[in-house]
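Both ligands and their constituent atoms are indexed starting at 1 by order of listing.
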Amino acid sequence: MTSRQKDSGRASAATRRQFIGAGSAMLGGAAIAAASGGKAAALDPAGDPNGPPNIPEWMKVPGADTGGQLYGTPSPFEKKVIRNVPKNLKQYTSASTRTPLQELDGIITPNGVFYERHHGGIPEIDPAQHRLMIHGLVERPTIFTMDQIRRYPSVSRIHFLECSGNPGFEAIYGKTASDLVGLTSCAEWTGVPLKTVLDDVGLKPDAKWIVAEGADAAALTRSIPIEKCLEDAMLVYSQNGERLRPAQGYPLRVFLPGFEGNMSVKWVRRLHVTNEPAYSREETSKYTDSMPDGTARQFTFYMEAKSIITRPSGTQKIEKGFNEITGIAWTGHGKIAKVDITTDGGKTWQSATLQEPIFTRALTRFRFPWVWDGKPTVIMSRATDETGYVQPSFAELKAVRGLKSFYHNNAMQPWSIAESGEVSNANVKA
Ligand SMILES: Nc1nc2c(c(=O)[nH]1)N[C@H]1C(S)=C(S)[C@@H](COP(=O)(O)O)O[C@H]1N2
Ligand SMILES: [Mo]
């Protein structure tokens, strides 16, 4: 063993003493045993049939065949890591499912639990039959096949996607992180920059907007300002290395980093280049914000800075002693600059560590080491983005937006910790 290996061995022994030992120092091993299901034998190698040096059952026979599963699935012991289907919402064709944020680590959402929101069900589209038409204020109106789209130079970028009704203003009483902000996910998107394709068809000088239309039964239609189309908008065909899933817009979707999810039109079939917006259903009667003075705020493109602690979070239970507080932060306006944590209901705040690398318009993982003294308290995270914008409390947000708003709620999420260690939503109906 090199001296370096020896050193790292020592470091991990010290780590164990500090973190696992910290909570059990007073109560002894029983505290850990309780945490792992109450079996004191779990800490006793001789009495634990699965603990080394004993040989567990699964080492005594060969395992399953490699290739027995041609498309892999998670361990059968991970059954709760599934999409969250709101119980009170019947899954009509216009429905949504949420990402189980509290079950995930890191910043990438696996494709199987990426949130879904559709207004007319999920169409089944044969990519060989799919076409994208670009017309209107362009020099060369064109109808593309998927093969032609895929011949353009590609890019891959990591970005979050968030529905702007996440959660609606009146829906801040959910139980889990997923109930509250599970209409947020993050993936590596691959496709062609929209600018590349627009340069190819030639924009006319008066092109100001691009109206994107989906090939679903809802024909969902949104108007995108030309500046965004030429900045970082993408035509996406892959997500986390594989082709888009049908629910995410297979075979082709618009992706607008940092914009409200509704504008990233799935199953895109038409880009109509115009000099004014379409004023479609989704940008007039929906996805607008009713303000206290009776007016409605329209075209709220960028999602504001937001964060949530995903562990510990609602319905989980913690033990006295060391607990890592971790969660996710994101902003439509670039990078997350800072996440502050309070463990005393907002009296004092301390900076969390941000997981590197920090990507633009992507989820950012934060971590904060915490020793819980066993007393009831409220914990909360607060994101600041690189523009200096600070995530508001719900009270601060309401003061500006009034009570008639539904969309674009980026308020902080407080979690109560009871003496029992049970974690619950601290937002309570007045
Ligand atoms: N064609 C089409 N595009 C669509 C939608 C839709 O119903 N049809 N839903 C929108 C909404 S409201 C959101 S939040 C995102 C959801 O994307 P996802 O299902 O991949 O998470 O897609 C948007 N694009
Ligand atoms: Mo949405």
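Counting only heavy atoms of the protein, atom 2 (C) of ligand 1 lies nearest to Asp216 OD2, 3.3 Å. The protein atom (non-hydrogen) at minimum distance from atom 24 (N) of ligand 1 is Ser264 O, 3.1 Å. Ranking protein heavy atoms by distance to atom 15 (C) of ligand 1, first place goes to Gly261 O, 3.4 Å. Atom 11 (C) of ligand 1 has Asn262 CA, 3.5 Å as its closest protein atom, hydrogens excluded (heavy atom only). The single protein non-hydrogen atom nearest to atom 14 (S) of ligand 1 is Tyr115 OH, 3.1 Å, given as residue, atom name and distance.
At least one heavy atom of Ala247 sits less than 4.0 Å from an atom of ligand 1. Ligand 1 does not have Glu213 within reach: every non-hydrogen atom of the residue lies 4.0 Å or more from it.
Around atom 22 (O) of ligand 1, the closest heavy atom drawn from His118, Arg253, Glu116 belongs to Arg253. Of the candidates Arg269, His119, Arg117, His119 brings a heavy atom nearest to atom 7 (O) of ligand 1.
Scanning all heavy atoms of the two residues, the minimum distance from Gly120 to Asp216 falls at N-OD2, 4.5 Å. Across every non-hydrogen atom of Phe299 and Pro277, the tightest pair is CZ-CB, 3.7 Å. Between Trp372 and Asn323, the shortest heavy-atom distance links the atoms CB-ND2, 3.9 Å.
Results of the side-chain hydrogen bond (donor to acceptor under 3.5 Å, both in side chains) test with Tyr389 over Asn410, Thr331, Thr384 single out Asn410 as the only residue that passes.
If you look at Leu183 next to ligand 1, there are no close heavy atoms at all, none under 4.0 Å. Contact annotation: for Tyr287 versus ligand 1, heavy atoms closer than 4.0 Å belong to the side chain alone.
With ligand atoms numbered from 1 in the order given, ligand 1 contributes 1 (N) to contacts under 4.0 Å with heavy atoms of Gly214. Residue contact check: Leu161 has heavy atoms under 4.0 Å from atoms 17 (O), 21 (O) of ligand 1. Of all the atoms in ligand 1, the ones that sit under 4.0 Å from a non-hydrogen atom of Cys163 are 14 (S).
In terms of modelled atom types and a separation under 3.5 Å, the side chain of Glu283 and the main chain of Gln298 share no donor-acceptor contact. Asn240 places a side-chain N or O within donor-acceptor distance of the main-chain N or O of Glu188, the cut-off being under 3.5 Å. Looking only at distances, a side-chain donor or acceptor of Glu396 sits under 3.5 Å from a matching main-chain atom of Ser393.
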- Message: Show, in sequence, the C-alpha distance, side-chain angles and deciding distance for Trp189 and Phe114, and conclude whether the ring pair (Phe, Tyr, Trp, His ring centres under 6.0 Å) test is met.
- Response: CA-CA 13 Å; Trp189 306 96; Phe114 201 93; 5.5 Å; yes
- Go through the steps for Asp232 and Arg361 under the test salt bridge (charged side-chain N to carboxylate O under 4.0 Å, His left out), then give the verdict. CA-CA 11 Å; Asp232 60 354; Arg361 297 168 178 153; 2.7 Å; yes
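At least one N or O atom of Lys266, backbone or side chain, sits closer than 3.5 Å to an N or O atom of ligand 1. Close N/O approach between Gln248 and ligand 1 is found [any backbone or side-chain N/O within under 3.5 Å].
The aromatic rings of Tyr302 and Phe259 stand perpendicular to each other, their planes meeting at an angle above 60°, with 30° marking the opposite boundary.
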